[in-house]
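Data first, discussion second: the structure below is written as structure tokens.
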Amino acid sequence: MRPRSEPQVLPPLSARSNVSDETLEILATLLDDMFRIPGTTVRFGLDPLIGLLPGVGDAMSGAASLMIIFAAWQRGLPKVTLSRMVANVAVDSLLGSIPFVGDAFDVAYKSNRKNLNLLKRVESEGRRQQEWHDWLFMVLLVAAVMVLVAAPLVLLWWVLTLIRK
């Protein structure tokens, strides 16, 4: 019979990520609430501004949103939290790809700020080391987000081919 080993003590969550809390905070601020409309409390970031570039802008901001999700995965956040974060980016990317209306939606929805708040909420909980099924889950999540980020580009290409005919 094998002797029982002591449970492995893991470093703090923020130490398990290659991306610092400060970097994630800067990213969320840049994308979601860097600027304020004078005379109001309405804040917005680069996400709706970049989104004005049809297809390409939403793909770029969706790709930047992956950094927060990847950091959350590295820190061992629960799969349900990761799924929720992916859903936030999916909603932002899909609705944000609608010209002008989507950009107004980006100002209000702030998926990156929501995801950073989710990450911070579970930081105090202890997590285990990643196992093979965690890696598989992350690969599937990244694939799903890549499809969602590419969707606006495919839609733009499709519309342009219809217009040419």
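Counting only distance, with no hydrogens or angles, the side chain of Asp32 and the backbone of Asn112 share a donor-acceptor pair below 3.5 Å. A donor-acceptor contact shorter than 3.5 Å links the side chain of Ser83 to the backbone of Lys79. Within the 3.5 Å criterion, the main-chain N or O of Thr40 finds a donor-acceptor partner in the side chain of Arg36. With hydrogens and angles disregarded, no donor-acceptor distance shorter than 3.5 Å links the side chain of Lys110 to the backbone of Gly45.
For Ser93, the side-chain hydrogen bond (donor to acceptor under 3.5 Å, both in side chains) criterion is met by no residue, not counting sequence neighbours.
Between the side chains of Tyr109 and Asn88, at least one donor N or O lies within less than 3.5 Å of an accepting N or O. Looking at Asp92 and Ser111, their side chains do bring a donor and an acceptor atom within 3.5 Å of each other.
In terms of hydrophobic clustering, with Ile, Leu, Val, Met, Phe, Trp and Tyr side chains grouped at heavy-atom distances under 4.5 Å, Leu46 and Val107 are assigned to a common cluster. The hydrophobic cluster containing Ile98 does not contain Leu94, counting ILVMFWY residues as joined when their side-chain heavy atoms lie under 4.5 angstrom apart, directly or transitively. Hydrophobic clustering, with ILVMFWY side chains joined whenever heavy atoms are under 4.5 angstrom apart, groups Leu30 together with Val56.
Each of Ile69, Leu24, Thr81, Leu82 was scored for a side-chain contact (heavy atoms from CB on, under 4.5 Å) with Leu119, with one residue passing: Leu24.
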For Ile37 and Phe44, what are the C-alpha separation, side-chain angles and deciding distance, and is it a side-chain contact (heavy atoms from CB on, under 4.5 Å)? CA-CA 8 Å; Ile37 297 174; Phe44 64 97; 3.7 Å; yes

Leu118/Arg121 under side-chain contact (heavy atoms from CB on, under 4.5 Å): CA gap, chis, key distance, verdict: CA-CA 5 Å; Leu118 282 170; Arg121 191 179 310 157; 3.8 Å; yes

Walk me through whether Glu25 and Lys120 qualify under side-chain contact (heavy atoms from CB on, under 4.5 Å). CA-CA 10 Å; Glu25 183 67 42; Lys120 287 178 179 180; 2.8 Å; yes

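At a threshold of 4.0 Å, the pair Arg75-Asp21 counts as salt-bridged, since one of the basic side-chain nitrogens sits closer than that to a carboxylate oxygen. The pair Asp33-Arg113 meets the salt-bridge criterion, with a side-chain N (NZ, NE, NH1 or NH2) lying under 4.0 Å from an Asp/Glu carboxylate O.
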